Amino acid sequence: MSDLQIVFLNYSNLSVTSIRSQNGIDNRWPIECWFAFAMLASIIGSILLLLLLIASIYHEKLQRGSRVLLCHVMIMQLLACAVHFPLLNINTYDAHLGNSPSRIGSLNCSLLMWVHIGTIHAENWASFILAINRFVAVVLPHRYGSFISQNALICQILVPWCLGIGLGLPIYFGFGAEYLSIPPFGLCASRPRLGSFYGAFWATCGAYLPIILTGIAYGSLFVFIASSRNRKAKRRYKNALVSASNERLHQKRRARQIGTVKMLMTAYLFYCLCFLPCPVILTEFPYLVRSVVLWLWISRSFILFGYAATPVIFLILSSDFRRAAARVLLSIGAPLCSGRKETSYRDDDSSLREHSYTLRPPRQRPAEQ
């Protein structure tokens with residue numbers, strides 16, 4: 001999802017003169033608090049996302065079809081947390097402090113917003129494809145093999161980027177919407193052109209449609225899992241000839257699938273909770289936003305916090321991710337600890353060698369017979 005300045009922002013309510021008079025731009029502590037929180041969320045979210053990506057590469061259980069798509073989603077979120085949001089936030093912070101040009105130089109708002117919004121829209125569609133993957137794995141397991149073939153995975157990775165970047169390309173050239181730069185406040189944004197159908201189509205297809213479809217997929221999957229509990233008792237009597245080992249293996253695989261679904265559903269609900277205040281408040285109640293700082297909290301920080309909290313949810317709800325992350329941290333810390341122990345042992349050995357002649361008693365020769 002995107003900042004509301006991307007699609008629905010009414011700039012008549014945020015004129016430069018009214019913002020300066022109402023916000024009190026000389027008072028720096030509100031913008032400094034916002035900037036500190038935004039950068040902290042970007043740093044923590046980027047570190048955790050990078051940790052989970054490394055863990056997914058080196059952990060065998062995390063190298064399956066669904067984990068490939070999940071890594072694809074995390075790469076998109078890492079790109080937003082580590083690159084896009086910091087660039088936008090630093091540019092805004094420097095503008096409020098009066099630093100012109102910014103410490104990161106002059107931004108090309110059109111190019112940055114095209115890539116930024118395209119990545120966010122692509123992440124929305126990638127999350128929807130991941131939800132379809134989980135639906136097929138649980139509801140249609142006999143079809144799941146063809147769904148995670150190499151060609152199918154390549155298509156499932158390329159299609160979100162084509163939709164996110166491709167649908168935003170006309171906007172980059174000014175068709176249906178336009179990108180804006182507000183230099184006094186360091187804001188890069190976009191707004192639809194009045195009477196243009198493509199601007200609303202772009203926002204709907206990029207943000208709201210994949211979110212709604214993802215919710216429908218997870219809702220249908222939740223209903224199927226809830227209803228399948230009643231059918232399990234009946235199947236146990238019919239499958240009396242099935243060996244106990246096969247039954248345990250099936251239950252273990254089923255439990256892992258359901259655990260992954262719960263993890264993704266929780267991340268999806270939390271992400272919606274962080275995204276929905278932005279369009280609701282800034283479209284239906286724009287009069288509540290009376291300052292730039294409040295606008296930045298609603299339009300940027302909430303969405304950024306939704307990205308940064310995703311790896312935390314994965315670590316809390318997935319034992320595979322916790323074990324894999326612990327292995328990565330141990331592999332990183334083990335050489336450091338072993339290096340320190342070796343140096344301490346060497347120091348101890350050298351000190352013993354220096355004092356060996358004074359501490360060692362004289363050797364006595366055996367008496368000759």
Side-chain angles (χ1 to χ4, degrees), residues 1-3 5-8 49 53 56 64-85 87-88 108-137 143-144 146-179 188-193 196-218 264 267-268 271-272 275 279 303 306-307 310:
M1 277 68 62
S2 56
D3 304 334
Q5 80 263 26
I6 294 172
V7 183
F8 294 107
L49 285 170
L53 284 172
S56 300
R64 300 171 182 175
S66 62
R67 302 297 178 171
V68 173
L69 299 178
L70 186 57
C71 289
H72 181 223
V73 172
M74 288 192 292
I75 289 174
M76 295 177 173
Q77 295 177 351
L78 178 62
L79 187 61
C81 285
V83 181
H84 299 161
F85 278 111
L87 288 176
L88 294 171
N108 186 344
C109 281
S110 298
L111 181 61
L112 178 60
M113 293 304 292
W114 174 47
V115 177
H116 175 57
I117 301 171
T119 302
I120 293 176
H121 288 181
E123 193 272 339
N124 295 334
W125 284 109
S127 298
F128 168 66
I129 291 177
L130 182 59
I132 295 298
N133 179 282
R134 292 295 84 202
F135 183 86
V136 174
R143 303 268 185 182
Y144 188 65
S146 59
F147 196 77
I148 59 172
S149 62
Q150 183 176 1
N151 294 332
L153 288 176
I154 292 174
C155 293
Q156 294 171 37
I157 291 174
L158 294 179
V159 167
W161 287 106
C162 293
L163 292 174
I165 301 296
L167 291 177
L169 188 60
I171 307 297
Y172 178 75
F173 291 104
F175 180 77
E178 59 181 343
Y179 294 106
C188 293
S190 69
R191 67 177 178 185
R193 297 184 182 274
S196 174
F197 169 77
Y198 188 80
F201 172 78
W202 167 66
T204 302
C205 291
Y208 298 101
L209 182 61
I211 293 175
I212 294 173
L213 294 177
T214 303
I216 293 175
Y218 282 133
L264 295 176
Y268 166 77
Y271 187 66
C272 291
F275 166 74
I303 302 172
Y307 283 140
T310 300

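In what follows, residues are counted from 1 in the order of the sequence shown. Only this structure's heavy atoms are used, side chains among them; waters, hydrogens and symmetry mates stay out. Being a predicted model, the structure only gives us computed values, none of them experimental.
A search for ring-ring contact (aromatic ring centres under 6.0 Å, His included) contacts involving Phe135 returns nothing, not counting sequence neighbours. Annotation: side-chain contact (heavy atoms from CB on, under 4.5 Å) contacts of Ser127 (sequence neighbours excluded): Val73, Glu123. Legend: residues meeting side-chain contact (heavy atoms from CB on, under 4.5 Å) with Val136, ordered by chain and number and at least two apart, are Ile132, Leu140, Arg143, Tyr144, Phe147. A search for side-chain contact (heavy atoms from CB on, under 4.5 Å) contacts involving Leu78 returns Ser46, Leu49, Leu50, Leu53, Ala82, not counting sequence neighbours.
By the 30° and 60° cut-offs, the orientation of the rings of His84 relative to His116 is perpendicular. Between Phe201 and Tyr198, the ring planes lie tilted relative to each other; the angle falls in the 30° to 60° range.
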Verdict with reasoning, Leu213 to Leu209, per side chain to side chain contact (heavy atoms under 4.5 Å, CB included): CA-CA 6 Å; Leu213 294 177; Leu209 182 61; 4.0 Å; yes
May I have the step-by-step check of side chain to side chain contact (heavy atoms under 4.5 Å, CB included) for Leu70 and Leu264, ending in yes or no? CA-CA 9 Å; Leu70 186 57; Leu264 295 176; 3.9 Å; yes
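When all heavy atoms are compared, the tightest approach of Pro160 to Met76 is CB-CE, 4.4 Å. Heavy atoms only, all atoms of each residue included: Ala131 and Ala217 are closest at CB-CB, 4.0 Å.
With contacts defined as side-chain heavy-atom distances shorter than 4.5 Å, the pair Val115/Val83 does not qualify.
Note that the CH2 atom of Trp114 and the OG1 atom of Thr119 stand 10.0 Å from one another [nearest 0.5 Å]. Going from atom CE of Met74 over to atom OH of Tyr307 covers 14.5 Å, rounded to the nearest 0.5 Å. Expressed to the nearest 0.5 Å, how far CD1 of Ile303 lies from SG of Cys81 amounts to 11.5 Å. Taking CD of Gln150 as the start and SG of Cys155 as the end, the distance is 11.0 Å to the nearest 0.5 Å. Here the CZ atom belonging to Arg134 is positioned 14.0 Å from the CD1 atom belonging to Ile129, to the nearest 0.5 angstrom. Atoms CG and CZ, on Asn133 and Phe128 in that order, are 11.5 Å from each other to the nearest 0.5 Å.
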Please output the side-chain donor-acceptor pairs of residues 162-175 that fall under 3.5 Å, not counting sequence neighbours, one pair per line with the distance.
none

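Remark: the backbone N or O of Ala203 is not paired with any side-chain donor or acceptor of Tyr208 at under 3.5 angstrom. Counting only distance, with no hydrogens or angles, the side chain of Asn124 and the backbone of Ile211 share no donor-acceptor pair below 3.5 Å.
For residues 152-165, the pairs satisfying side-chain hydrogen bond (donor to acceptor under 3.5 Å, both in side chains) are His72-Trp161, with sequence neighbours left out.
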